[in-house]
Amino acid sequence: MMIVVGLMSGTSVDGIDAAAIAVSGTEADLQVDLLAGETYPYPPELRDKILAVCGGRAISMMELGMLDDAIAFQFANAAQKIQAQQPKADLIGSHGQTVYHRPPSQDRLGYSLQLGRGDLIARLTGIKTICNFRAVDLALGGEGAPLVPKIDACLLSHPTKSRAVQNIGGIGNVTFLPPNQLSDWKDRVWGWDTGPGNALIDLAVSHLSDGSQTYDRDGQWAAGGTPDRQLITKWLEQDFFRQSPPKSTGRELFGQDYFTRCWQDMEQNNLKDSDRLATLTELTVASIIDSYQRFLPQMPDEILLCGGGARNLYLRQRLQAELTSAQINTTDEVGIDGNFKEAIAFAILAYWRVLAITGNLPQVTGASKPALLGEIHLVE
């Protein structure tokens, strides 16, 4: 058994999710026990800087270095705090903070930049740290994302049910798990980014509240509105939604510029505030459903939600209303805390790295082969 801390901050940039886990086994016999989980918000000024860079603001190399250090300090602090009531960890797996993601194209490899230096985290905590998980998959021609499907397969597959594990963070992504009693089920695991999750909704809430709110609690604001389905149909014509997997995306596509165009469309249609939130929420719902209908080999028997969007009751109700053939639950209901599932995943990827177990699934990312993921930073 090994105690590992996983650290993750996603495209919502709402804070650092830290999970301390006890983990044993390898793949088929992987066992995980969540010892502690907590989200540590960024200081507001640092969050604003990160969001500005994610939005395309140009900075100098000196500013980039300072931002990299500042994020690493916050990650190290989160790792130390989560261990306060736990035994000292053997290992840290840090995803870092993505500030730029460029999927591969026909003429060039993909590129993805996560800030929060692993070498500095290792030095500050005194614990071996694994970071930069996406680089090798990208070098092998892959998307570098999503990297969680293999872990989903180990922890969440079912003998007789097909499952879709739908993460709704700033960006949405899905893992499709066929029944694991099938002889070739591992080769049929699939996954990709489905499009916007909470990112556009959060931008709208921040805009409408002059920054006093950052998300629509339980979807209450959107629940009071009526979505503009004509606009949703128009927005779904965006090329990304029609692109076949493997595929990944981020704020580079579904960020401030995209939000501004959606906002202008809604202004032209004279939507009231609650209607705007209902429409953006329905875009997330519609993009998930459209993605399933286009690309899944079959509609799943069960959908397991995780991430911040799983707590949006209105969004969940809308998904269930449209996907009547599938039972919608959360990963919490099958033993994996959905608030910390991504942090748990990067703890497991770090654990696999030191055991020399590959972490990516080529059929998911498009990489040419399975690979060991992550750079190891030792403590001197």
Side-chain angles (χ1 to χ4, degrees), residues 9-15 39 41-42 44 47-57 98-99 101 166-173 193-238 240-241 249-291 305 307-319 321-322:
S9 179
T11 49
S12 291
V13 198
D14 48 8
T39 298
Y42 282 117
R47 181 175 189 265
D48 289 345
K49 287 180 181 178
I50 295 169
L51 287 172
V53 172
C54 291
R57 183 175 75 84
T98 300
V99 294
H101 182 78
Q166 180 69 49
N167 178 58
I168 307 176
I171 297 297
N173 55 70
D193 285 355
T194 55
N198 303 314
L200 302 177
I201 303 168
D202 292 350
L203 284 168
V205 169
S206 179
H207 181 78
L208 291 170
S209 68
D210 292 324
S212 64
Q213 298 178 51
T214 57
Y215 68 100
D216 185 11
R217 183 180 294 274
D218 296 329
Q220 292 178 356
W221 203 341
T226 301
D228 186 323
R229 299 193 178 279
Q230 183 179 6
L231 284 181
I232 293 164
T233 299
K234 173 185 174 182
W235 295 340
L236 285 176
E237 293 175 357
Q238 210 280 339
F240 176 82
F241 297 120
T249 189
R251 282 183 176 269
E252 295 73 27
L253 180 57
F254 296 111
Q256 184 64 51
D257 289 345
Y258 188 90
F259 169 74
T260 299
R261 292 194 296 272
C262 291
W263 197 260
Q264 290 169 347
D265 287 344
M266 292 188 291
E267 283 190 330
Q268 289 177 1
N269 286 17
N270 296 314
L271 300 190
K272 64 182 183 181
D273 292 351
S274 59
D275 293 343
R276 297 180 189 216
L277 284 172
T279 302
L280 291 172
T281 301
E282 196 69 17
L283 174 62
T284 293
V285 172
S287 65
I288 291 170
I289 295 168
D290 179 72
S291 190
L305 301 180
R311 300 191 297 273
N312 185 319
L313 299 182
Y314 173 69
L315 192 159
R316 180 174 172 176
Q317 289 166 0
R318 289 297 306 130
L319 278 171
E322 296 294 329

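What you see is a predicted model, and the numbers here were worked out from it, not measured in a lab.
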Separation between CD1 (Ile171) and OG (Ser12), nearest 0.5 Å, reads 8.5 Å
Shortest non-hydrogen pair, Tyr258 vs Leu253, comes out as CB-O, 3.2 Å
For Pro196 against Ser287, the heavy-atom pair lying closest together = O-OG, 4.1 Å
Measure across Glu252 and Val99 and return the closest heavy-atom pair with its distance rounded to 0.1 Å.
-> OE2-O, 3.7 Å
Asp273 side chain vs Leu208 backbone, donor-acceptor pair below 3.5 Å = no
Output for pair (Gln256 CD, Trp263 CH2), nearest 0.5 Å, gives 10.5 Å
For His101 and Thr11, run side chain to side chain contact (heavy atoms under 4.5 Å, CB included): C-alpha distance rounded to whole Å, both residues' side-chain angles, the deciding distance at 0.1 Å, then the answer.
-> CA-CA 11 Å; His101 182 78; Thr11 49; over 6 Å; no
Side-chain (Arg47) to main-chain (Gly15) donor-acceptor, under 3.5 angstrom | no
For the atom pair CG (Asp228) and CD (Glu282), what is the distance rounded to the nearest 0.5 Å?
-> 11.0 Å
Rounded to the nearest 0.5 angstrom, the CG-CG distance for Leu231 and Leu236 is 11.0 Å
Check the pair Asp265 / Lys234 against side chain to side chain contact (heavy atoms under 4.5 Å, CB included), numbers first and verdict last.
-> CA-CA 10 Å; Asp265 287 344; Lys234 173 185 174 182; 3.2 Å; yes
How many angstroms lie between CG in Asn312 and CG in Asn198, if you round to the nearest 0.5 Å?
-> 7.0 Å
Report the residue from Asp216, Asp218, Val285 that forms a side-chain contact (heavy atoms from CB on, under 4.5 Å) with Leu315.
-> Val285
Check Leu271 against Arg276 and note the closest heavy-atom contact, atom names and distance.
-> O-NE, 3.0 Å
Within a strict 4.5 Å, meaning less than it, do heavy atoms of the Thr98 and Arg251 side chains meet?
-> no
Intermediate values then yes/no, side chain to side chain contact (heavy atoms under 4.5 Å, CB included), Ile232 and Thr279 = CA-CA 7 Å; Ile232 293 164; Thr279 302; 4.0 Å; yes
Answer whether the closest heavy-atom distance between the side chains of Ile201 and Leu277 falls below 4.5 Å.
-> yes
Mind checking whether Phe241 and Phe254 have parallel, tilted or perpendicular rings, split at 30° and 60°?
-> tilted
After noting the C-alpha distance and the side-chain angles of Leu305 and Leu319, does the key distance pass the side chain to side chain contact (heavy atoms under 4.5 Å, CB included) rule?
-> CA-CA 10 Å; Leu305 301 180; Leu319 278 171; 4.1 Å; yes
Within a radius of less than 6.0 Å around CD of Glu322, do more than 12 heavy atoms belonging to other residues, nucleotides or ligands occur?
-> yes
Could you tell me whether the side chains of Arg316 and Tyr314 share a donor-acceptor contact shorter than 3.5 Å?
-> no
Taking every non-hydrogen atom, the tightest pair across Leu280 and Ala204 | CD1-CB, 3.5 Å
Quick one: does Thr194's side chain have a donor or acceptor within less than 3.5 Å of a partner on Gly172's backbone?
-> yes
Hey, are the side chains of Val205 and Tyr215 touching, using non-hydrogen atoms and a 4.5 Å cut-off?
-> no
OG1 of Thr249 to CZ of Phe240, rounded to nearest 0.5 Å, is 5.0 Å
Of the non-hydrogen atoms in Asp275 and Gly225, which two are nearest, and what is the gap between them?
-> OD1-CA, 3.3 Å
Using atom types as modelled and distance alone, determine if a side-chain donor or acceptor of Ser206 lies under 3.5 Å from a backbone N or O of Leu203.
-> no
